[in-house]
There are 2 protein chains.
Amino acid sequence: MSKMHAAAPLTPLFISVFRLNGALIAAGDRLVADLDLTSARWQVLGVVANVPAPLSVASIARTIGLTRQGVRGVTAELVASGLVEFKPNPHHRRAQLVVLTDKGREVEHAARRRQIPWATALGKGLKPRHIEEAAMLLQTVLARLERHSDTQKDEL
Amino acid sequence: MSKMHAAAPLTPLFISVFRLNGALIAAGDRLVADLDLTSARWQVLGVVANVPAPLSVASIARTIGLTRQGVRGVTAELVASGLVEFKPNPHHRRAQLVVLTDKGREVEHAARRRQIPWATALGKGLKPRHIEEAAMLLQTVLARLERHSDTQKDEL
DNA sequence: TACAGTATGACAATATATTGTCAATTGGTA
DNA sequence: TACCAATTGACAATATATTGTCATACTGTA
């Protein structure tokens, strides 16, 4: 007889995702602030540094699930800071490729050297299998969301 | 002898959190767009609607893990849209309480009626126990992050 | 009471990210 | 070739969220 509507099981998980997203961005900002980086810039820099072959701005955007425009702005900042630069793309005159500068390589290494022990400490005592299972669950939901949005809109 | 640095087990989970956060906000925006809501406004409206006793803007911010200022702006929009209003707070002249209007109650109900089947469909086939375990893991990491940031800064 | 510390809302500046629009580029096809 | 659809980067407008600063309001304590 209750008028309460039972929330879907995923709802508390989603709330945790929102909060964790904000907390991670804030923690990342603090972690690399003195390297002239932010979480947003670090994320793009990390893709450029770790991808097997150079990507265009639009490709980077697809890789990290942001829009072209957002990545475009961050990349422009990274160019202004001398961390990445554009290289002509022999297959597409318009879509130049983003590559690391020497300075960008150094900064990315410095950020990664901090990130690894930081994230390791954060996961201390958590079973790797549980972490993997949680990540897989999020991936499953993400795939469903993105598949469904594909049927509604062209651009991510 | 490899120069590769093993990433922490949490790293892939964090990447999923970033992407899922963005996808959920986009999906929420679409879900309630015609109600004159967005994900941000919906989140604040949901707190106001489901809390046992009215809260101030600052209390709402603590509840959802955003800053006072962000919630302040969203709340002002909700007031402008006639979904919530301020009520004098007998215990604090400055910190007025945010309460639903009749229209706000209707809109929040309409949003919830859509959200529940949407989230249920999204979780179809996933075991509730797995979802709960994932949510608990995120909560654990979140608690560690927020505890650590407390030692560094006053305000969330 | 008086005062110090804290909480709160207002305001401004900035960072992040999306949406919409446009022209240039590319690839496929009639 | 000529045309059409999709991709891409540029630009503008807007939404979201943080940080910093300030005056006001409350709380506890001397």
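The sequence lines fix the lettering, A, B, ..., with proteins before strands; numbering per chain opens at 1. Please read these numbers as outputs of a predicted model, since none were measured by experiment.
Judged by distance alone, with hydrogens and angles left aside, the side-chain atoms of R19(B) form no donor-acceptor pair with the main-chain N or O of L142(A) at under 3.5 Å.
As judged by a 4.0 angstrom heavy-atom cut-off over every strand, E77(B) is placed among residues touching the sugar-phosphate backbone only. At a threshold of 4.0 angstrom between heavy atoms, the contacts of S39(B) with the nucleic acid are absent.
At least one side-chain nitrogen or oxygen of T67(A) sits closer than 4.0 Å to the OP1 or OP2 atom of dT18(C). At dT8(D), one or more side-chain N or O atoms of R62(A) fall inside 4.0 Å of OP1 or OP2 (strictly under the cut-off). Look at T38(A) and you'll find a side-chain N or O under 4.0 angstrom from OP1 or OP2 of dT16(C). For R93(A), no side-chain nitrogen or oxygen approaches OP1 or OP2 of dA24(C) to under 4.0 Å.
Atom-to-atom, NE2 of H92(B) to P of dA10(C) comes out at 12 Å; the value is rounded to the nearest Å. Atom CZ in R19(A) sits roughly 19 Å away from atom P in dT16(D) (whole-Å rounding). Look at CD on Q69(B): it is 9 Å from C1' on dT18(D), rounded to the nearest Å. Look at CD1 on I25(A): it is 9 Å from C1' on dA17(D), rounded to the nearest Å.
In this structure, S56(A) and H91(B) both approach DNA chain D, and ranking their closest nucleotides by distance from the 5' end singles out S56(A).
S81(A) and R41(A) are linked by a side-chain donor-acceptor pair at a separation below 3.5 angstrom, with hydrogens and angles left out of the test. Side-chain polar atoms of T38(A) and D29(A) form no donor-acceptor pair below 3.5 angstrom. For the 3.5 Å distance criterion, the side chains of Q139(B) and S16(A) qualify, holding a donor opposite an acceptor.
The side chain of V57(B) approaches dG9(C) more closely than any other nucleotide in the set dC11(D), dG9(C), dA25(D). Closest to the side chain of A40(A), out of dA17(C), dG9(C), dA10(D), is dA17(C). In this structure, the nucleotide among dT18(D), dT8(C), dG9(D) sitting nearest to the side chain of L66(B) is dT18(D).
Looking at R114(B) and D34(B), a side-chain N of the basic residue comes within less than 4.0 Å of a carboxylate O on the acidic one, giving a salt bridge.
Looking at R94(B), its side chain comes within 3.5 Å of the base of dT24(D) through a donor and an acceptor atom.
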